[in-house]
Amino acid sequence: MPWVVGLVVGVLGLLRTRRWIWGFVIVGVVLTPQARNLLPAGPDGIVSELNDRSALVTYGQGTVLIRDADNLMVGDYVGLIEPNPITLNNNPSDQSWNRYVAINQIVSVMTLENIRIHQRSFIMDWCVTQWNQTEGFLVLVKAVLFQSDPEGMFGIILGTGLIFALINRLLMSLFSLFLRDGANAILRLGLFVGLAIFLGFPLALLRYVISFGCALTIKNRWLRWSVSVGVIWVLNPLYLTSMTILIPLFFQLMRLLNIPSVSRGLSFSVLQGFVWHRTFPLTTLSYGVLRTAFAGLIVSIWIATVVPSLQSSVIMMFNYLEQVIGILNSLWEVHGEGSMLSWIVLSAGLHIARKNLKVLPLSLAVLLLWMPLLSAPWFATLTIIDVGQGNAVLLSAPFNQSVVLIDTGRASAYTSLISVLNRSGVMHMDALILTHEDADHAENAEVLQQDYRIRQIITAPQDIKLPSLWLTALDASVPHPTDNQSTLVYGIRWGDHRFLLMGDAEVTNERALLARYPKLKADVVLLGHHGSASSTSDLWLGSLEPQMALISVGRNGYGHPHPSVIKRLRDFHIPTLTTLTEGSLRFIITPWMTILVTDSWKLKILP
């Protein structure tokens, strides 16, 4: 298929632009996966990309992820034992990892113990020797020059092709001394293609080669951008979900729109709000200055490689930039689904106020007042967060004036957890309730305390009375409890509906609750222990009379939810939703009605 599409696109390009090279460039780019045949065919490969503590080794049949690869460097030749095929986890909480594996064509995960041969090129060996002359400089070089998986602000700024753009400009200046413009550009493109083949086509470099080739051969800017996206999609549609690819393409699209008020920083802030549900206004306002500073940092690293006495100064420059970004991020951060809209409104207001400086203070005051209203939910919400095989429930009063999180899920689900927290505009929590100590309920508690302001952590039955948010702790204690039987159980009434959150409660806890609260009723119940056979008895369902049952569960080997529980719910004619099939379940409680919205786009109005 790629061969056919490549030839068609190439012919169309030839007819459209009358530039013969255009067709060859596009065909060559489309067929880059075929060039993997030029790489080692066995389990020997080349280090193509580095991350914080890992490296990607590319060879003919795919890519191997090496963990704890501190001593590896880009371009190193590595011999591996025969890789064992990687097994993907279908748990929804691991989808980001599965996507990363698919994008990078990872076939196995190994450690340094699996390396049998490690050879470094003469040039890179000399560079590493120079970088090792000052403690910490090699770590800086890896973080700035060879980081390929953008997560923090550093990776995002540098992962948009800044390094390749600098190299391109340097080569252009050098080749212009003895080559004409056309030959100059073709030679530079050839060098980048050769480097991409040598390194096994790292995504950042592959994207730059495609954009460079299209810019060289296509005059129309919209056609150029469209062809770039199309070629990347033909190579692998999943590439368009990688931040390394998505961010530069998004920037290019914003420039194509020719909107004066939309700068590169604004483009980035809009993308932040859309993807991460949070923005850093001061950082994005300073984006142009920061990018220039990082360009200076990269050039300084190159110079310090030849002049090691400057390495300490470069480290100080790096630390200073890191502190500046940290301060800018901490001074102003906006979370929530409306963060993108709030930033657009702020930018538009500043653009208008700039024409009349007298109204600037008033405009800023009004916009700052409105930003929290745009980013926070306007109504009370209760969200059963999809954390795979685990439990996490978020309760938020209108405009997040009160926020409570019940349980946190496993560490592997932390990305899914904070995604929902950011989308909901959560920046602090009035309380974190841990129903019990099992990992699938409490494993993220410590890291949450580092990332969010949490006023109190509750591990024993305690009523919670906050503005517009009252939680009642129900006594479900039993003599000589197991871990699950020691769970906390909470109830809340919002509007006309009663919600009951059972934690990991079992049948013995249900009997204790019925004995202490004979008139206990609930409209919506989150079943105990993920719908296991040890919970949700006939007596419990018949007495509670729920209108809807929810199960927080992922793919597991425990048999959750148990078929007998599902049959019991069906016999009682109780509609049931699980996070496994529906994703996160969000109840929006308004003064007029309660609405259920799921990640699978189901919508239901509760009677």
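What's counted below: heavy atoms across the whole structure, side chains too, no hydrogens, waters or symmetry copies.
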J.: I need the Leu171 CG to Leu166 CG distance, nearest 0.5 Å.
T.: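 Leu171 atom CG to Leu166 atom CG measures 11.0 Å (nearest 0.5 Å).
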
J.: What's the spacing between Leu405 CG and Leu434 CG if we round to 0.5 Å?
T.: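 The CG atom of Leu434 is 8.5 Å from CG of Leu405, to the nearest 0.5 Å.
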
J.: Does a side-chain heavy-atom distance below 4.5 Å link Leu253 with Trp222?
T.: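 Side chain of Leu253 against side chain of Trp222, heavy atoms only: contact under 4.5 Å found.
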
J.: In a table with atom names and distances, give each donor-acceptor pair under 3.5 Å that connects a side chain of residues 172-179 to protein atoms at least two apart or in another chain.
T.:
{"residue": "Ser173", "atom": "OG", "partner": "Arg169", "partner atom": "O", "Å": "3.1"}
{"residue": "Ser176", "atom": "OG", "partner": "Met172", "partner atom": "O", "Å": "3.3"}
{"residue": "Ser176", "atom": "OG", "partner": "Ser173", "partner atom": "O", "Å": "2.7"}

J.: If I take atom CD1 from residue Ile315 and atom CG from residue Asn319, how far apart are they, to the nearest 0.5 angstrom?
T.: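 Reported to 0.5 Å precision, the distance equals 7.5 Å.
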
J.: Whether the side chain of Asn400 engages the backbone of Ser424 through a donor-acceptor N/O pair (distance < 3.5 Å, no angle test) should be reported.
T.: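 Yes; at least one donor-acceptor contact below 3.5 Å.
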
J.: Quick check: closest heavy atoms across Phe164 and Phe192, and the distance to 0.1 Å?
T.: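 Residues Phe164 and Phe192, closest heavy atoms: O-CZ, 3.7 Å.
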
J.: I would like to know whether Leu72 and Ile115 meet side-chain contact (heavy atoms from CB on, under 4.5 Å); could you show each step before the answer?
T.: CA-CA 11 Å; Leu72 295 182; Ile115 296 178; 4.2 Å; yes

J.: Classify the ring geometry of Tyr208 against Phe212: parallel below 30°, tilted from 30° to 60°, perpendicular beyond 60°.
T.: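 Taking Phe212 first and then Tyr208, their aromatic rings sit tilted (interplane angle of 30° to 60°).
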
J.: I need the minimum non-hydrogen distance between Asn444 and Ala411, along with the two atoms involved.
T.: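 It is OD1-CA, 3.1 Å.
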
J.: Quick check: closest heavy atoms across Val306 and Gln130, and the distance to 0.1 Å?
T.: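 Closest approach of Val306 to Gln130, heavy atoms only: O-NE2, 4.4 Å.
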
J.: May I ask you to test the Ile232-Leu249 pair for a side-chain heavy-atom distance under 4.5 Å?
T.: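 With C-beta onward as the side chain, the pair touches.
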
J.: Do you know the tightest heavy-atom contact between Arg120 and Asn71?
T.: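 Taking Arg120 first and Asn71 second, the nearest heavy atoms are NH2-O, 2.7 Å.
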
J.: At what distance, to the nearest 0.5 angstrom, does SG of Cys127 lie from CD1 of Ile301?
T.: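 Rounded to the nearest 0.5 Å, the SG-CD1 separation comes out at 12.0 Å.
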
J.: Which heavy atom in Leu216 sits nearest to a heavy atom in Ala185, and how many Å separate them?
T.: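 That closest heavy-atom pairing would be CD1-CB, 3.1 Å.
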
J.: First locate atom CG of Leu223, then atom CH2 of Trp225, and finally report the distance between them rounded to the nearest 0.5 Å.
T.: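 The CH2 atom of Trp225 is 12.0 Å from CG of Leu223, to the nearest 0.5 Å.
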
J.: Just do the side-chain contact (heavy atoms from CB on, under 4.5 Å) check on Leu432 and Tyr452 with the steps written out, would you?
T.: CA-CA 11 Å; Leu432 170 60; Tyr452 294 87; over 6 Å; no

J.: Does the side chain of Gln252 come within less than 4.5 Å of Leu256's, by heavy atoms?
T.: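 Counting from C-beta outward, Leu256 and Gln252 never come under 4.5 Å.
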
J.: With side-chain contact (heavy atoms from CB on, under 4.5 Å) as the criterion, how do Met73 and Val47 come out once you've worked through the C-alpha distance, each side chain's angles and the decisive distance to 0.1 Å?
T.: CA-CA 7 Å; Met73 184 58 68; Val47 178; over 6 Å; no

J.: Is the CD atom of Glu135 crowded by more than 12 outside heavy atoms at less than 6.0 Å?
T.: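 No - once you tally the heavy atoms of other residues, nucleotides and ligands closer than 6.0 Å, there are 12 at most.
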
J.: Using modelled atom types only, decide if a donor and an acceptor are shared between the side chain of Asp440 and the backbone of Gly409 within a distance under 3.5 Å.
T.: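 The answer is no, because no donor-acceptor pair under 3.5 Å joins these two groups.
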
J.: Applying side-chain contact (heavy atoms from CB on, under 4.5 Å), run through Phe294 and Ile325 and close with a yes or a no.
T.: CA-CA 12 Å; Phe294 271 95; Ile325 290 180; 3.8 Å; yes

J.: Search all heavy atoms of Leu417 against all heavy atoms of Leu448 and return the closest pair with its distance.
T.: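 Answer, listing the atom of Leu417 first, then Leu448: CD2-CD1, 3.9 Å.
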
J.: Hey, does the side chain of Arg224 reach the backbone of Ile218 with a donor-acceptor pair shorter than 3.5 angstrom?
T.: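 Such a contact is found between Arg224 side chain and Ile218 backbone.
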
J.: Tell me, do Leu65 and Leu56 make a side-chain contact under 4.5 Å, heavy atoms counted?
T.: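 Touching, per the 4.5 Å side-chain cut-off.
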
J.: CD of Gln119 to CE of Met124: how many Å apart, nearest 0.5 Å?
T.: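 Going from the CD atom of Gln119 to the CE atom of Met124 covers 15.0 Å.
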
J.: Within a reach of under 6.0 Å around CH2 of Trp126, are more than 12 heavy atoms found that belong to other residues, nucleotides or ligands?
T.: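 More than 12 heavy atoms, drawn from other residues, nucleotides or ligands, come within 6.0 Å of this atom.
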
